[in-house]
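Please read the structure below before turning to the comments.
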Amino acid sequence: MKLIITEPRDFDAAAAREIVEQIAQKPDTVLGTATGNTTIGLHRELVRLHHGGGLDLAKVTLCQIDEYVGLPPGHAASCCTRINEQLLSHVNIAPENVVFPHDAARSPEDVCRRFEQSIRTRGGIDCQVVGIGENGHIGFNEPGTPFEATTHMALLSARAAGAIARWFAAQAEIPREGITMGIKTIMLSKKVLLLAKGADKADIIHRSLFGPVSTDVPASVLQLHPQMVVILDQPAAARI
Ligand code: GLP
């Protein structure tokens, strides 16, 4: 495990540096993305480097870790909208090189199967960016998810549903399910970049990196990954 602890103001640049190095080594990188709050600044930094620093993403494939089920295209809460607004609409990733676990015209089972197939066809994920929930979830893999799970439809936890509640007029409109890369899918990535910032993540980061490897804390499985890079700001690293 490579552990990088930064000042809060340097966090996004440190995360972007890992991705820039990855793309320099392999221009046709398959990059897995996550769209929580943690990665907003990373995406902003990648856009800045694309416009001002010569970062070329023409050969990169973007593969999104998760998406809510049942949202119409362009809905403000959807991961697709977020990554479009934060990254895709500002850089030169080709539309045919964007892989999303979403297709309203297909059954969820079919979406999951085709998503796994797309990853395999592209040679696997080279670098998967992963955020972490305060209970250790990664993607929509909540505590209890088997480590062998590949891409699947998962029930959203109350917390995950609550995180997008502000975009819905009524509780009943909030999606109940999401499609997520499974833990096995994430573990098969050649490299995993785990990002966490803020004091709220300090406890779970300590448990995930140094506690027992257990499905009770999904992110703890990352201890077993041979190429794991962890970037924390100082508040998230407070218990290390
Ligand atoms: C959920 C999302 C992930 C995100 C994680 C952390 O799991 N499905 O995509 O990485 O939460 O979210 P945040 O970065 O907002 O703390």
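Atoms within a ligand are numbered from 1 in the order they appear, just like the ligands themselves.
At the top of the distance list for atom 16 (O) of ligand 1, counting protein heavy atoms only, stands Lys201 NZ, 2.6 Å. In this structure, atom 12 (O) of ligand 1 lies nearest to the protein heavy atom Gly36 CA, 3.8 Å. Given atom 10 (O) of ligand 1, the protein heavy atom at minimum distance is Gly131 CA, 3.4 Å. Summary of contacts: the protein heavy atom closest to atom 5 (C) of ligand 1 is His137 NE2, 4.0 Å. Shortest contact from atom 15 (O) of ligand 1 to any protein heavy atom: Asn37 N, 2.8 Å. When hydrogens are left out, the protein atom nearest atom 14 (O) of ligand 1 is Thr38 OG1, 2.4 Å; that is the closest non-hydrogen contact. The shortest contact between atom 2 (C) of ligand 1 and any protein heavy atom is with Asp66 OD2, 3.7 Å.
When each atom of ligand 1 is checked for a heavy atom of Ala34 under 4.0 Å away, the hits are 9 (O), 10 (O). Every atom of ligand 1 with a heavy atom of Thr35 under 4.0 Å away is listed here by number and element: 9 (O).
Using a distance-only test at 3.5 Å, with no hydrogens or angles considered, no donor-acceptor pair links the side chain of His102 to the main chain of Pro73. No donor-acceptor distance shorter than 3.5 angstrom exists from the side chain of His152 to the backbone of Ile179, with no hydrogens or angles considered. Of the possible polar contacts, one joining the Ser107 side chain to the Asp110 backbone as a donor-acceptor pair under 3.5 Å is found. In this structure, the side chain of Glu67 engages the main chain of Cys79 through a donor-acceptor pair within 3.5 Å.
Of all the heavy atoms of Ile132, the ones lying under 4.0 Å from any atom of ligand 1 belong exclusively to the backbone. Of the heavy atoms in Val130, none comes closer than 4.0 Å to ligand 1.
Heavy atoms of Glu134 stay at 4.0 angstrom or farther from ligand 1.
Between Lys191 and Glu21 there is no salt bridge, since no side-chain nitrogen of the basic residue lies less than 4.0 Å from a carboxylate oxygen of the acidic one. The existence of a salt bridge linking Asp12 and Lys197 is confirmed by a sub-4.0 Å separation between a basic side-chain nitrogen and an acidic carboxylate oxygen.
Rounding to the nearest 0.5 Å places OG1 of Thr81 at 8.0 Å from CG of Leu71.
When all heavy atoms of Leu57 and Asn92 are compared, the pair lying nearest together is N-OD1, 2.9 Å.
Of the candidates Gly139, Gly133, Cys79, Pro218, Gly139 brings a heavy atom nearest to atom 7 (O) of ligand 1.
For the 3.5 Å distance criterion, the side chains of Thr35 and Gln86 fail to qualify, holding no donor opposite an acceptor.
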